[in-house]
Amino acid sequence: MAPGPKSPDIFPEVGDDVNAVPSSPCMALTEEEQAELNSELAKVEDEIQTLSQVLAAKEKQVAEIKRKLGITPLNEFKQNLSKGWHEVTTSTAYKKTSETLSQVGQKATTAFSSVGSAIGRKLEDVRNTPTFKSFEEKVETIKTKMNRTPSTGDTEEVSESTPDGKPVVEQPEGMCPPDQKPH
């Protein structure tokens with residue numbers, strides 16, 4: 001490549017000396033061009049300032065309108081949260097995950113049901129064994145012997161008196177008998 005004027009770009013062209021210091025773009029501008037660019041820069045900075053002020057005024061206006069409508073930051077947060085949740089629940093990934101979890105849940109329910117049935121059958125098998133029947137009969141015999149009363153032999157009769165012969169009086173709920181103090 002033939003040597004020529006250096007490009008003011010920050011990326012050197014092929015064949016340019018990479019170690020050379022790029023010349024300042026201001027050196028190639030005339031005073032008139034610099035004055036014109038400075039004027040344009042001032043205009044753009046003024047426009048940015050004006051736009052910032054307009055934006056601030058519009059933000060105040062929005063805040064005032066929201067205040068009049070009763071839209072609080074909390075309501076706005078709730079609305080944004082609700083909208084975000086709606087977007088999540090309508091997403092393809094959420095639907096696929098939900099379907100997968102539903103299928104897993106159904107399979108788990110089926111598995112637990114079959115395990116429960118198996119345990120139930122096993123317990124029924126154990127209950128029908130001669131050893132368990134013999135044990136059950138012995139428990140029933142002991143239960144019967146313990147429920148008999150020597151005087152009547154009637155297991156359904158219940159005494160409505162205290163051991164010292166006084167009748168049992170029920171107190172209204174929350175009330176203590178006069179001889180007892182509440183806890």
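Model, not experiment: these values are computed from the prediction.
Note: L123 CG to F132 CZ = 9.0 Å, rounded to the nearest 0.5 Å. Here the NZ atom belonging to K83 is positioned 11.5 Å from the CD atom belonging to E76, to the nearest 0.5 angstrom. The CG atom of N38 sits 12.0 Å away from the CD atom of E33 when rounded to the nearest 0.5 Å. Here the straight-line distance linking atom OG of S117 with atom NZ of K122 works out to 14.5 Å at 0.5 Å rounding. To the nearest 0.5 Å, atoms CD1 (I71) and NZ (K78) are separated by 13.5 Å. With rounding to the nearest 0.5 Å, the separation of CD1 in I142 from CG in N147 is 12.0 Å.
Annotation: salt bridge (charged side-chain N to carboxylate O under 4.0 Å, His left out) contacts involving residues 44-65, sequence neighbours excluded, comprise E64-R67.
Using a distance-only test at 3.5 Å, with no hydrogens or angles considered, a donor-acceptor pair links the side chain of T100 to the main chain of K96. Distance alone, capped at 3.5 Å, places no donor-acceptor pair between the S102 side chain and the S98 backbone. Of the possible donor and acceptor atoms, one in the side chain of T141 sits under 3.5 Å from a partner among the backbone N and O of E137. Side chain of T90 to main chain of H86: a donor-acceptor pair is present (N/O by atom type, distance under 3.5 Å, no hydrogens or angles). In this structure, the side chain of S52 engages the main chain of I48 through a donor-acceptor pair within 3.5 Å. A donor-acceptor contact shorter than 3.5 Å is absent between the side chain of S113 and the backbone of T109.
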>> Working note: K107 + V104, criterion side chain to side chain contact (heavy atoms under 4.5 Å, CB included); need CA distance, chi angles, decisive distance, verdict.
In response: CA-CA 5 Å; K107 289 179 182 179; V104 167; 5.8 Å; no

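For the pair Q53/Q49, a side-chain contact is recorded, criterion being any heavy-atom separation below 4.5 Å from C-beta on. Between V139 and E136 the shortest side-chain heavy-atom distance does not fall below 4.5 Å.
Hydrophobic side-chain contacts under 4.5 Å tie V54 to no other Ile, Leu, Val, Met, Phe, Trp or Tyr residue.
By the criterion of side-chain heavy atoms lying less than 4.5 angstrom apart, applied directly or through intervening Ile, Leu, Val, Met, Phe, Trp or Tyr residues, L81 is not grouped with W85; the two fall into different hydrophobic clusters.
The two residues K133 and R127 have their closest heavy-atom pair at CG-O, 3.8 Å.
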